[in-house]
J.: 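The following block contains the structure, expressed as structure tokens.
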Amino acid sequence: MLSLEFIRKNPDVVRRAAELKGEPAPVDEILEVDQKWRAHQHKAEEIKAQQNDLSKEFARTRDEALKTRLREMAETAKTELALADAVKRELDDLLLRVPNIFHESVPIGETEAENVVIREWGTKPDLGFPPRTHYDLGEALGIMDFERAVKIAGSRFAFLVGDGARLERALVQLMLDVHTREHGYTELWAPMLVNSAAMTGTANLPKFADMLFKVEDRDLWLIPTAEVPVTNFHREEILDADRLPLKYVSYSPSWRTEAGAAGKDTRGFIRMHQFSKVELVKVTTAETSLDEFEKLTADAEDILQRLGLHYQAMAMCTGDMGFAQYKKYDLNAWAPGLDRYLEVSSCSTFNDFQAMRANIRYRAGRGTPPRFAHTINGSGLALPRTIDAIIETYQRSDGMVAVPEVLKPYMGGVELIGAR
RNA sequence: GGGGAGGUGGCUGAGUGGCCGAAAGCACCCGCCUGCUAAGCGGGUAGGGGGUGUAAAGCUCCCUCGAGGGUUCGAAUCCCUCCCUUCCCGCCA
């Protein structure tokens with residue numbers, strides 16, 4: 001979230017950012033409630049201070065009249081504090097609903113049409129024959145099964161079968177190996193159900209509850225991304241600055257209701273209720289976060305390059321960026337069969353927006369006050385669409401799919417999917 | 001799931017109604033001492049918020065001893081509920 005102090009001092013900056021993001025921001029309401037809260041707070045504190053003083057006096061004098069007066073004061077203080085607390089809760093709730101501001105380098109725009117391609121790697125491959133889609137090939141090769149998944153779970157679920165499942169596992173291994181051994185990330189295996197506080201820390205709550213699966217009768221939610229448990233790993237902590245940046249990589253399934261995506265990407269292995277993802281997370285300082293964000297994006301891109309997949313890196317415009325993000329890049333891999341780019345990674349930096357919610361701080365030096373950390377994350381990469389791009393890019397005219405060179409060590413001798 | 005013990009600052013840990021936001025130790029910082037290092041000596045070091053400052057500093061007040069509620073003039077300390085840790089038993093991958 002944005003600090004109350006920041007909103008007090010820069011209401012116009014906050015209003016403008018919200019407007020360009022297409023998000024509502026209760027700035028005026030906050031300023032109003034803030035006034036109210038401070039008045040109550042001040043009054044409550046005055047009574048309390050007086051009460052504390054007189055209470056000490058009573059300890060000495062044991063004066064019964066004073067005791068009666070103190071009893072009344074205690075009542076007054078209690079009601080006034082309760083009033084102040086109620087207003088503060090209202091204020092806190094409003095603060096959680098204010099979108100983040102964005103970095104000055106973010107392109108201004110309303111829709112995805114105004115996103116900007118900042119990099120392109122490789123070119124669209126010319127296969128020399130009409131490319132087929134991954135779902136067509138996947139079902140023909142028996143490595144993807146959507147029909148049976150519908151039977152046991154519903155739409156937007158899938159089975160990967162045989163070499164399909166193996167391909168997914170190989171990709172996870174490759175990504176984890178590269179990120180831990182070469183990019184310096186520490187692997188985390190994280191809880192995949194988290195509580196409301198954690199969800200609030202990463203800003204999935206309160207605004208986006210309808211995107212999440214919730215466990216009945218418990219304060220537990222299925223994670224929509226490992227970003228949630230991993231970013232919250234250091235919640236309520238004060239870190240030493242010389243330990244930063246902290247770099248974590250975590251493989252996990254991710255669950256999303258895909259509310260609001262009805263009718264979109266219903267065909268194929270693209271937009272699933274459950275999917276695997278290798279997620280990169282950094283916790284860093286204010287000074288280094290933009291730089292670390294670029295490096296994290298490069299780490300994700302490295303995987304695409306090793307896989308030999310053509311992709312574009314896009315800078316998201318304000319309107320397409322989202323509530324919590326300070327700056328965001330999407331990596332879109334080319335899928336020849338679908339004849340379109342698929343978003344396989346989304347890399348974001350949050351400034352101190354998440355850290356403030358999760359209360360993650362660091363101390364820059366002895367005797368200096370703690371500061372809120374900056375958090376960064378990005379997929380490195382999301383599995384289904386990466387698999388799609390691989391299948392469609394490495395397909396052959398005979399309907400079989402070649403295993404990319406880097407994956408061969410992980411495929412247990414399988415070099416060609418479909419050869420039996 | 002049943003029963004016992006417990007949750008205090010960066011860490012260890014004392015504190016059973018006011019003198020406690022908290023002894024002591026460790027760690028760390030500053031200074032002194034020392035040829036250097038170690039030791040020693042002196043001082044300092046929790047977080048959040050309000051008010052007052054142009055800002056910082058400072059001053060001042062309030063809150064925080066797992067969370068919430070209660071008793072009391074007054075709660076780290078007493079009572080209740082919940083969460084968590086740990087031990088024993090039960091169950092089970």
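These values consider heavy atoms only, across backbone and side chains, with no hydrogens, waters or symmetry-generated copies. Order of the sequence lines fixes the chain letters, A, B, ..., with proteins taken first and strands second; residue numbering starts at 1 for each chain.
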J.: Nearest-Å distance, NE2 (A:H40) to P (B:G51)?
T.: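 Value for this atom pair: 14 Å.
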J.: Can you tell me how far P in B:C26 sits from the matching atom in B:C79, rounded to whole Å?
T.: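 Per the computed distance, 35 Å lies between those P atoms.
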J.: Just the rounded figure in Å: distance from C1' of B:C11 to CD1 of A:I238.
T.: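 So the CD1-C1' distance, A:I238 to B:C11, works out to 14 Å.
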J.: Can you tell me how the ring of A:H183 sits relative to the ring of A:H179, calling it parallel under 30°, perpendicular over 60° and tilted otherwise?
T.: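 The rings of A:H183 and A:H179 sit tilted, inter-plane angle from 30° to 60°.
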J.: Partner lookup for B:G58, please. Criteria are Watson-Crick or G-U wobble with both distances under 3.5 angstrom; report none if nothing qualifies.
T.: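 Checking every strand shown, B:G58 finds its partner in B:U52, with both distances under 3.5 Å.
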J.: Can you tell me how far C1' of B:A46 sits from CG of A:N359, to the nearest Å?
T.: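 Checked: the CG to C1' distance equals 13 Å.
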J.: Return the pairing partner of B:G6 with a 3.5 Å limit on both distances, Watson-Crick or G-U wobble; otherwise return none.
T.: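 Check on B:G6: paired to B:C84, both distances under 3.5 Å.
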J.: Give me the distances for all protein-to-nucleotides 70-73 of chain B N/O pairs that come in under 3.5 Å?
T.:
from, atom 1, to, atom 2, distance (Å)
B:C73, OP1, A:R71, NE, 3.3
B:C73, OP1, A:R71, NH2, 2.7
B:C73, OP2, A:R71, NE, 3.3
B:C73, O2, A:S55, OG, 3.0

J.: With P as the reference atom in both, quote the distance from B:U77 to B:G25 in angstrom, rounded to an integer.
T.: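 Per the computed distance, 26 Å lies between those P atoms.
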J.: Which word best sums up how the rings of A:H273 and A:F157 line up, parallel for under 30°, tilted for 30 to 60°, or perpendicular for over 60°?
T.: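 Rings of A:H273 and A:F157: tilted, 30 to 60°.
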J.: Considering only the P atoms, how many Å lie between B:G10 and B:G49, rounded to the nearest integer?
T.: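 It works out to 16 Å between them.
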J.: For B:G66 versus B:G7, give the span between their P atoms, rounded off to a whole number of Å.
T.: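 Going atom to atom, P in each nucleotide, I get 8 Å.
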J.: Please determine whether a side-chain nitrogen of the Lys or Arg among A:D93 and A:R89 lies less than 4.0 Å from a carboxylate oxygen of the Asp or Glu.
T.: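 Salt bridge between A:D93 and A:R89, a charged N being under 4.0 Å from a carboxylate O: no.
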J.: May I have the distance from A:D242 (atom CG) to B:G10 (atom C1'), rounded to whole angstrom?
T.: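 It is 13 Å, rounded to the nearest whole Å.
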J.: Considering residues at least two apart in sequence or located in another chain, which fulfil the side-chain contact (heavy atoms from CB on, under 4.5 Å) criterion with A:N377?
T.: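 Residues passing side-chain contact (heavy atoms from CB on, under 4.5 Å) with A:N377: A:E227, A:E279, A:V281, A:F350, A:Q354.
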J.: Could you tell me how far apart A:E236 (CD) and B:A46 (C1') are, to the nearest whole angstrom?
T.: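 Checked: the CD to C1' distance equals 15 Å.
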J.: For every nucleotide of nucleotides 55-67 of chain B, 5' to 3': is a protein heavy atom under 4.0 Å from its base (B), only from its sugar-phosphate (S), or from neither (-)?
T.: ------BBS----
J.: Would you mind pulling out the nucleotide paired to B:U45, Watson-Crick or G-U wobble, both distances under 3.5 Å?
T.: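 Pair assignment: B:U45 / B:A27.
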J.: Using a cut-off of less than 4.0 Å, is there contact between a side-chain N or O of A:R363 and OP1 or OP2 of B:U45?
T.: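 A:R363 to B:U45 OP1/OP2: no side-chain N or O under 4.0 Å.
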J.: Between B:G69 and B:G50, how far apart are the C1' atoms? Round to whole Å, please.
T.: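 25 Å, rounded to whole Å.
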J.: Starting at CD of A:E57 and ending at P of B:G74, how long is that distance when rounded to a whole Å?
T.: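 Taking CD of A:E57 and P of B:G74, I get 15 Å after rounding.
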J.: Go through the structure and list residues passing salt bridge (charged side-chain N to carboxylate O under 4.0 Å, His left out) with A:R69, not counting sequence neighbours.
T.: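 Partners of A:R69 under the salt bridge (charged side-chain N to carboxylate O under 4.0 Å, His left out) test: none.
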J.: Can you tell me which residue pairs pass the side-chain hydrogen bond (donor to acceptor under 3.5 Å, both in side chains) test with a partner in residues 70-81 of chain A, sequence neighbours excluded?
T.: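 Listed once each, the pairs are A:H40-A:E80.
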J.: Please enumerate all residues that pass side-chain contact (heavy atoms from CB on, under 4.5 Å) together with A:K214, with sequence neighbours excluded.
T.: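 A:K214 satisfies side-chain contact (heavy atoms from CB on, under 4.5 Å) with A:W221 once adjacent residues are dropped.
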J.: Using atom C1' in both nucleotides, what's the gap between B:C78 and B:C29 to the nearest angstrom?
T.: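 Going atom to atom, C1' in each nucleotide, I get 40 Å.
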J.: For A:S379, which residues count as a side-chain hydrogen bond (donor to acceptor under 3.5 Å, both in side chains) partner, sequence neighbours excluded?
T.: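 Partners of A:S379 by the side-chain hydrogen bond (donor to acceptor under 3.5 Å, both in side chains) criterion come out as none, since no residue qualifies.
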J.: Does B:G53 fall in syn (glycosidic angle within 90° of 0) or anti?
T.: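 Chi for B:G53 falls in the syn range.
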J.: Between atom CZ in A:F6 and atom P in B:G49, what is the gap in whole Å?
T.: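 Distance, rounded to whole Å: 16 Å.
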J.: What is the distance, to the nearest angstrom, from the CG atom on A:D85 to the C1' atom on B:G49?
T.: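 So the two atoms are 12 Å apart, to the nearest Å.
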J.: May I have the list of side-chain donor-acceptor pairs in residues 11-19 of chain A shorter than 3.5 Å, sequence neighbours left out?
T.:
from, atom 1, to, atom 2, distance (Å)
A:D12, OD1, A:R15, NH1, 2.7
A:R15, NH2, A:D28, OD1, 2.7

J.: Counting only Watson-Crick or G-U wobble pairs whose two distances fall under 3.5 Å, which nucleotide matches B:G74?
T.: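 B:G74 is paired with nothing.
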J.: In whole Å, what separates the P atom of B:A75 from that of B:C63?
T.: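 Each nucleotide's P atom is 9 Å from the other's.
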J.: For residues 402-417 of chain A, dump all side-chain donor-acceptor pairs below 3.5 Å to protein atoms at least two apart in sequence or in another chain.
T.:
from, atom 1, to, atom 2, distance (Å)
A:E405, OE1, A:K408, NZ, 3.0
A:Y410, OH, A:D177, OD2, 2.6

J.: Can you tell me how far P in B:G43 sits from the matching atom in B:G68, rounded to whole Å?
T.: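 My reading of the P atoms in B:G43 and B:G68 gives 37 Å.
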J.: Are side-chain heavy atoms of A:W334 and A:L342 found at a separation under 4.5 Å?
T.: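 Not touching, per the 4.5 Å side-chain cut-off.
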J.: Is any side-chain N or O of A:R8 closer than 4.0 Å to OP1 or OP2 of B:G50?
T.: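 For A:R8, the contact criterion (side-chain N or O under 4.0 Å from OP1 or OP2 of B:G50) is met.
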J.: Regarding A:R371, tell me which of base, sugar-phosphate or nothing describes its non-hydrogen contacts under 4.0 Å with the strands shown.
T.: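 No contact.
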